[in-house]
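Some notes on the structure that comes next.
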Amino acid sequence: MSPLSGVNGGGAHDTNGIRRVSLIEQRPDVEERAVRTINAEQAIRLRAVPMRIDAGRLHVAMLDTLDDAAADEISVFASLPVTRHAATETVIRDLLREHYGTTAAEIAQRLTKGEQQADDLVANLEAIDAEELHRMAEQPTLINLVNLIILEAVRGRASDVHVEPFEKQLSVKYRVDGVLVQQSSPPKKLQPAITSRIKIMAGMNIAERYVPQDGHITLRFEGRKVDIRVSTVPTIYGESVVMRILDKESVRLDLAHLGMREPDQQAMQRLIDLPHGMVLVTGPTGSGKTTTLYAALSKLYDPSLKIITIEDPVEYELGGVNQIPVNPKRGLTFASGLRAILRQDPDVIMVGEIRDKETADIGVRSALTGHLLFSTLHTNDAVSAVGRLLDMDVEPFLLASVLEGVIAQRLGRRLCQSCKKRVPLPEAVRHRLAASEHGLFPGGEAWGPGGCEKCDNTGQRGRVGYYEVLEINPALRAGITQRLSAPDLMKMTGSTYCTMRRDGLIKASTGFTTVDEVMRATQDVEEAR
């Protein structure tokens, strides 16, 4: 710890340099000279606000007073010993807004203040050499700009940040609850510097601008670790950058929290309790398949079980689970990795995705030889998984023997529970509901978005899953052996089988989502049937 941090400050300080006062629950008076000792990016990242300088010490309101690294950084930056004061999250948020109301847009504007912007300044990006890009990317204010773009995305619950170059504009968008939201655009002239700064943070080659690259950033936000997967691809106007934010603390790996209703949870539990067999989760990219598998493994975890996964990439670290990232460049594919896993004497195996005949064949045989195997597949609904595996030349009698269950899913936006309100069903929606579905909405009313501070006046906060859980019964096993079509297999699912659309409409009728969201997310499934 830095000698400036006041570990042994004496007086009314404990051994951690924390002032022995009650928790600050109302906004305190703050001196402007104290505020200026650290910058906006630091204050937002560390969740700390200097309040005053008294007797040569800097008194700082902190959300986490036990964060020694944050106190050290403030102390070194301010060249003053620090006394820490605990404050509530509301107080910290109000102080940050009042005294560090700097946004990424404001910093970008400041960077170009007084300078004439030329539309063709970056038309010939190849003329900028790597050394110049390094110099531009290491400018302190530019570093703060990129940091704030990322921090604002994390704070805004974004899953992705898109930096897209166009002819006369550099576009920044956040994907929040599955929808892209346009942000204030930095000046086009900053494009090479912003792109290079992100690539430096991700450990990528900034001199290479004409081939796709992948990288990784790890940062700490409000005391927790956030992983960011970075991808760049060349376009005609420069490199398009996408940063995927993997914030483990913001994801609760719990089936009920993900939106799975009690009957489906019970079916999932029966599948999880099986000693061996194959369980698949299907849906398009971005439908939450991996998160569902992680939730199942978390529920399944027991120290007496050997659990191994092979993924592309490893999105979240699971305690007590051996996780392997695929590396095709070094010959580690799903198929070769799965072969190696079988020599590790596992009880439970998770394969990130069954993409080809070889992986499907090894997966089926591993389930046949006493392992419980979980994997994902890209199909529209649950019963279509059977046809997809048969198309990969899996023998029907083997598939019928090992397949135990298939979960299909989609994601829709979740209504903010603080401001949702009753609304009449739009006429366009009424016509799309089947006769049996109208009974879910008595009086022709459903739930719709309102708008409050908790959801930034959008009426939506988070996402909820729409699920269909197919447990393989004897009739279905016989149908698989006979290579029956998906519509014929659907007839054998039983009267209690609940489709994704039905599951979503049940949730819409109880105020978890809207009918429009259900229709949007499940229309491809209903059209296919």
Evaluate the side-chain proximity of [Y] to [X]: yes if any heavy-atom separation is below 4.5 Å, no if none is.
X      : Y      : result
Trp447 : Thr510 : no
Val242 : Val161 : no
Leu398 : Leu368 : yes
His276 : Leu274 : no
Ile307 : Asn322 : no
Ile349 : Leu372 : no
Glu239 : Thr195 : yes
Leu297 : Leu318 : yes

Nearest heavy-atom pair of [X] and [Y]: which atoms, and what distance?
X      : Y      : value
Ser336 : Gly331 : OG-O, 3.0 Å
Arg422 : Ser509 : NH1-O, 4.4 Å
Leu151 : Arg45  : CD1-CB, 4.0 Å
Ala446 : Val515 : CB-CG2, 4.1 Å
His378 : Thr285 : CE1-OG1, 3.3 Å
Leu389 : Leu377 : CG-CD2, 4.1 Å

ask   = Quick one: salt bridge (Lys or Arg N to Asp or Glu O under 4.0 Å) pairs with a partner in residues 472-486, sequence neighbours left out?
value = Glu404-Arg477

Would you confirm whether [X], through its side chain, and [Y], through its main-chain N or O, come within 3.5 Å as a donor-acceptor pair?
X      : Y      : answer
Gln183 : Val181 : yes
Glu437 : Ala434 : yes
Thr513 : Arg413 : yes

Are [X] and [Y] ion-paired here, with the side-chain N under 4.0 Å from a carboxylate O?
X      : Y      : answer
Arg339 : Glu358 : yes
Asp488 : Lys491 : yes
Arg520 : Glu517 : yes
Arg410 : Asp381 : no
Lys357 : Asp361 : no

inquiry  = Looking only at the side chains, is there a donor atom on one of Thr458 and Gln460 sitting less than 3.5 Å from an acceptor on the other?
reply    = no

request  = Please name the residue in the list Thr333, Val351, Thr359 that meets the side-chain contact (heavy atoms from CB on, under 4.5 Å) test with Ile310.
outcome  =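 So, applying the side-chain contact (heavy atoms from CB on, under 4.5 Å) to Ile310 and each of Thr333, Val351, Thr359, only Val351 qualifies.
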
request  = Please report the C-alpha distance between Thr376 and Glu353 in whole Å, then the side-chain angles of each, then the deciding distance to 0.1 Å, and finally whether the side-chain hydrogen bond (donor to acceptor under 3.5 Å, both in side chains) criterion is met.
outcome  = CA-CA 5 Å; Thr376 71; Glu353 183 185 345; 5.1 Å; no

